[in-house]
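Down below is the structure, laid out as structure tokens.
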There are 2 protein chains.
Amino acid sequence: MTTPPPILDLSQMIERHRPRFRTASEFVEAALREAILSGVLPGGLPLRQEELAAAFGVSRMPVREALRQLEARALVEFHPHRGAVVVEISAQDAADISAIRAALEPAALRLSLPHLTRDDLALAADLIAEMDAEADPGRMGELNRRFHMTLYARAGRPRLLALTEQHLAAADRYLRFQFAALAHHPRSQDEHNALLAACRNGDADRACALVTRHILAAEELLTRFLTVRAAHSG
Amino acid sequence: MTTPPPILDLSQMIERHRPRFRTASEFVEAALREAILSGVLPGGLPLRQEELAAAFGVSRMPVREALRQLEARALVEFHPHRGAVVVEISAQDAADISAIRAALEPAALRLSLPHLTRDDLALAADLIAEMDAEADPGRMGELNRRFHMTLYARAGRPRLLALTEQHLAAADRYLRFQFAALAHHPRSQDEHNALLAACRNGDADRACALVTRHILAAEELLTRFLTVRAAHSG
DNA sequence: TGCGTGGATATTGGATCCAATTTATCCAAG
DNA sequence: CTTGGATAAATTGGATCCAATATCCACGCA
């Protein structure tokens, strides 16, 4: 008797994204992306086109287009005639993403900071407060992303911002490990508050230094945790 | 009488890429990407799926998958039920790409520099020499890209390097304007030589500063040229 | 004469169908 | 019992077909 195929529970993503898009392709792409980033579809999972199509209630074609887009975003890998697989997470990959964030985010912040409005700063403060009250890692990632992007939003560089947001989102795949790696949370909030204060003062150098440290601190903690974990399981 | 449809001369890309790939999708994606980056398919051009399929000798399906990948790389835009268009170039977009390069490349260089070998440095020197003898902008872009990537190659961060190479390639769309913006070439070569010298000395701070200046200098020249040009035509 | 409406046409988006390749299974031989 | 190979099943890649949507142009009307 063969093991029953793992039921893909994508209902969350379906109801959240389906009404927002005009084409099935874009809907499937958005839903799959969130499913991967949130960990519903773990690294290494083979993505059977037929199965996904059934789960989303569409044919295989929009699934294929969506998978190609996710391939370009380095979230899935294609192996010719063998199909697509969710890319694995690893300490190396986490470091890779952190290096990219540490390069992009200070640049975005420096361009954005002079144009931040009082409203932007107030929104950022609100988001920090919301994070204090939030326990769910998924929502937490969303709030964290919005906090950071609020500070970068006035950079006036669409491509730079899109890349930054992509890699902030990519970091979400490691969020649950950050939670597991003991209470990173309160420290992270202190860093958020310090960063916001520097932005309020218009101190670009300090703000950039803080955001860089913030990213690298999280990465170091995460790398240590993932390395230990890999050593145990391997 | 309607104007004859513009014949897409993609023969260069076809013969260069066709044998390198196992699936039609990947072949079409690589060929289209190069056609856009090299300027054979200019910004604003509507990409008719049927026409491309005929030009490549395949059906519409691999074309669609390729277009989706290029969309994720911000080289084409989809408009629902109206098709894909090559994204326009502009002074703003050039500045955007430069900002990304100026963020990524010093980071890559700093990680890579300590691990550069004698052979890497020799190869970089060879590439500078080749550039001196090269007049064709297309080949020039390729050599320039290889020179830069040679210096970054030992960073040990696949995602960071892939992003860097993508945006080096994206800058190629503006290469012919850089040539037009009077002889940028010799100055650029001086900068390349200085950068290589700093790498030889293992002076990371100086190398990073030089590569940043190199990128921003090219951008300033380009922005001025494109702005003037836009003012004339507009 | 200008503008809005309606139908024809072109083109995309999605579904189905077929071919090519890989993986799994089973049997035989060592 | 293991290993090799042939064959069958599963799955992807590609082509074709159909439906949905947008654009274009003619026509009618103010």
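Protein chains get the first letters and strands the later ones, always in sequence-line order, with residue 1 at the start of each.
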To the nearest angstrom, how far is [X] atom [atom1] from [N] atom [atom2]?
{"X": "B:Glu50", "N": "D:dC18", "atom1": "CD", "atom2": "P", "value": "15 Å"}
{"X": "A:His79", "N": "C:dA20", "atom1": "NE2", "atom2": "P", "value": "24 Å"}
{"X": "B:Met61", "N": "D:dC17", "atom1": "CE", "atom2": "P", "value": "13 Å"}
{"X": "A:Phe78", "N": "D:dG13", "atom1": "CZ", "atom2": "C1'", "value": "10 Å"}
{"X": "A:Glu77", "N": "D:dT12", "atom1": "CD", "atom2": "P", "value": "16 Å"}

Ion pair [X]/[Y], N-O distance below 4.0 Å:
{"X": "A:Arg68", "Y": "A:Glu71", "value": "yes"}
{"X": "A:Glu142", "Y": "A:Arg139", "value": "no"}
{"X": "B:Arg33", "Y": "B:Glu29", "value": "yes"}

Within the side chain of [X], is there an N or O that forms a donor-acceptor pair under 3.5 Å with the backbone of [Y]?
{"X": "B:Thr223", "Y": "B:Ala91", "answer": "no"}
{"X": "B:Asp120", "Y": "B:Thr150", "answer": "no"}
{"X": "B:Asp126", "Y": "B:Leu123", "answer": "no"}

*Approximate separation, where rounding is to 0.5 Å, of B:Arg146 CZ and B:Asn144 CG*: 11.5 Å
*Classify the ring geometry between B:Phe177 and B:Phe225 as parallel (under 30°), tilted (30 to 60°) or perpendicular (over 60°).*
tilted
*Mapping A:Arg60 and B:Pro80 onto DNA chain C by nearest heavy atom, which one lands closer to the 5' end?*
B:Pro80
Between protein and nucleotides 5-11 of chain D, what N or O pairs are separated by less than 3.5 Å?
none

*Are side-chain heavy atoms of B:Tyr152 and B:Leu104 found at a separation under 4.5 Å?*
no
_Distance-only polar pair, side chains of B:Ser38 and B:Glu34, donor-acceptor under 3.5 Å_ = no
_Of residues 63-72 of chain A, the positions that come close to DNA chain D - non-hydrogen atoms, cut-off under 4.0 Å_ = A:Arg64
*DNA chain D contacts made by residues 22-30 of chain B, counting heavy atoms under 4.0 Å*: B:Thr23, B:Ala24, B:Ser25
_Ring centres under 6.0 Å, that's the criterion: do B:His214 and B:His148 meet it?_
yes
